[in-house]
Amino acid sequence: RECDSISAIEIFALPSPLTMWRVTNGATVPDRWHVHEFELHDSDACAQNVIATRQTIIFASGHAEGAPAGNAVDNDVSTIWASACVGCAPGDGWLAVAFESLQVVKCLRLYQSVERDRQADAVVLEQWSKDGWAVAEVFNDAVGGLWGQYNSRWM
C-alpha cells in the first residue's frame with residue numbers, strides 16, 4: 001500500500017531571550033481577530049519598523065484560510081491576518097516575530113479591523129524570556145480602522 005501524503009517538520013533550538021516578540025489580543029474578540037498591519041519599533045518615537053529592516057520569521061497562533069500571518073507585515077492595509085480562533089478569549093490570537101539576535105522593542109504599531117467584533121479592545125506586547133512568553137506592556141483602549149501607536153508614553 002502506497003502513501004501519497006507529504007509531511008515535513010523543522011526542529012529549532014529554543015531562542016535566546018529578547019529575540020522573539022508577539023502581540024496578543026488582551027480582550028475577548030467576538031469573531032476572528034483581524035490585523036491589517038503589525039510593526040515593532042526600536043524607539044519611543046515609532047520611527048523605525050525593525051520587522052522591515054531586519055531578517056525575521058513571522059508566525060502566529062494560526063490563521064483563517066487565505067489570511068496568513070505574512071499579510072500583517074506586507075505594508076498593505078487592504079490585506080489581513082485573521083486568527084484561527086472565532087470568539088477569541090484573551091491571549092488566544094497572536095502574531096509573533098523572531099529575530100536572528102537580540103532586539104529591543106519600545107513601540108508597537110497595529111492596524112486592526114474597523115469592525116468592532118473583529119478587533120481587540122486591549123492588546124498585549126510580550127517578549128520571549130527563554131522560559132516562555134512574558135508580558136512587556138498591556139495597552140488598553142486599542143483602536144480599530146486606523147493605526148494604533150502604543151508605547152509606555154501612551155499607556
Side-chain angles (χ1 to χ4, degrees), residues 3-41 49-103 105 107-151:
C3 177
D4 60 1
S5 64
I6 298 172
S7 139
I9 186 168
E10 289 186 61
I11 298 175
F12 298 96
L14 287 175
S16 300
L18 297 177
T19 57
M20 291 196 309
W21 292 83
R22 75 178 182 179
V23 62
T24 72
N25 61 310
T28 299
V29 178
D31 197 347
R32 293 184 193 277
W33 188 24
H34 284 191
V35 174
H36 292 268
E37 289 296 314
F38 164 54
E39 296 180 357
L40 297 175
H41 296 260
N49 177 13
V50 293
I51 296 173
T53 60
R54 297 207 43 209
Q55 187 167 349
T56 60
I57 297 171
I58 307 299
F59 58 106
S61 55
H63 63 86
E65 186 175 338
N71 285 359
V73 295
D74 64 0
N75 294 313
D76 183 354
V77 295
S78 70
T79 63
I80 61 163
W81 164 75
S83 65
C85 56
V86 177
C88 303
D92 282 356
W94 51 264
L95 279 165
V97 59
F99 296 94
E100 289 185 326
S101 60
L102 176 119
Q103 177 61 59
V105 171
C107 179
L108 160 70
R109 290 187 73 218
L110 194 68
Y111 196 110
Q112 299 187 83
S113 174
V114 69
E115 298 173 52
R116 293 281 306 138
D117 62 344
R118 293 182 172 173
Q119 61 183 254
D121 291 334
V123 293
V124 180
L125 179 64
E126 296 180 337
Q127 62 194 28
W128 181 253
S129 70
K130 186 72 174 176
D131 297 321
W133 293 102
V135 173
E137 300 273 356
V138 176
F139 303 104
N140 295 305
D141 301 319
V143 297
L146 54 96
W147 280 102
Q149 185 165 297
Y150 309 101
N151 66 32

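Excluded from the calculations below are hydrogen atoms, water molecules and symmetry mates; all remaining heavy atoms, backbone and side chain alike, are included.
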Validation row: D141, V143 side chains within 4.5 angstrom (heavy atoms): no
Distance flag, aromatic centroids of F38 and W21, threshold under 6.0 Å: no
T28 and D92, any side-chain heavy atoms less than 4.5 Å apart: no
Distance, nearest 0.5 Å, that separates OG1 of T19 from NZ of K130: 8.5 Å
Test item: Q119 side-chain N/O and S113 main-chain N/O as donor-acceptor pair under 3.5 Å: yes
Non-hydrogen atoms of V124 and G26 that approach each other most closely: CG2-CA, 3.7 Å
A120 to A142 - nearest heavy-atom pair and separation: O-CB, 3.4 Å
Approximate separation, where rounding is to 0.5 Å, of E126 CD and R22 CZ: 4.5 Å
Heavy-atom donor-acceptor pair, S83 side chain to C85 backbone, under 3.5 Å: yes
Plane angle bin for Y111 and W147 - parallel if under 30°, tilted between 30 and 60°, otherwise perpendicular: perpendicular
R116 and D121: CA distance, side-chain angles, deciding distance, side chain to side chain contact (heavy atoms under 4.5 Å, CB included) verdict: CA-CA 9 Å; R116 293 281 306 138; D121 291 334; 3.0 Å; yes
Short side-chain to backbone donor-acceptor contact, Q55 and F99, under 3.5 Å: no
Smallest separation among heavy atoms of S129 and A134, with atom names: CB-CB, 4.4 Å
Within-4.5 Å side-chain heavy-atom neighbours: D117 and V29: no
N151 (side chain) donor-acceptor with C107 (main chain) under 3.5 angstrom: no
N/O donor-acceptor pair under 3.5 Å between H63 side chain and A84 backbone: no
Whether W133 and W128 hold their rings parallel, tilted or perpendicular, with breakpoints at 30° and 60°: perpendicular
Step-by-step side-chain hydrogen bond (donor to acceptor under 3.5 Å, both in side chains) determination, S78 to D76: CA-CA 5 Å; S78 70; D76 183 354; 2.6 Å; yes
Working for side chain to side chain contact (heavy atoms under 4.5 Å, CB included), residues L40 and V97: CA-CA 9 Å; L40 297 175; V97 59; 3.3 Å; yes
Considering all heavy atoms, the nearest R118-D31 contact: NE-OD2, 3.0 Å
Side-chain donor/acceptor of N25 to backbone N/O of A89, under 3.5 Å: yes
V105 vs L125 side-chain heavy atoms within contact, under 4.5 Å: yes
Main-chain N/O of N71 paired to T79 side chain as donor or acceptor, under 3.5 Å: yes
Step-by-step side chain to side chain contact (heavy atoms under 4.5 Å, CB included) determination, M20 to Q127: CA-CA 6 Å; M20 291 196 309; Q127 62 194 28; over 6 Å; no
From Q103 atom CD to I51 atom CD1, the distance as rounded to the nearest 0.5 Å: 9.5 Å
Side-chain heavy atoms of W81 within contact of R32, under 4.5 Å: no
Close side-chain approach of D74 to E37, heavy-atom, < 4.5 Å: yes
Interatomic distance, H34 atom NE2 to I80 atom CD1 [nearest 0.5 angstrom]: 4.0 Å
pair R54-S101: side-chain heavy atoms closer than 4.5 Å: yes
Side-chain heavy-atom pair L108, V123 within 4.5 angstrom cut-off: yes
Ring centre gap for W33 and W94 strictly below 6.0 Å: no
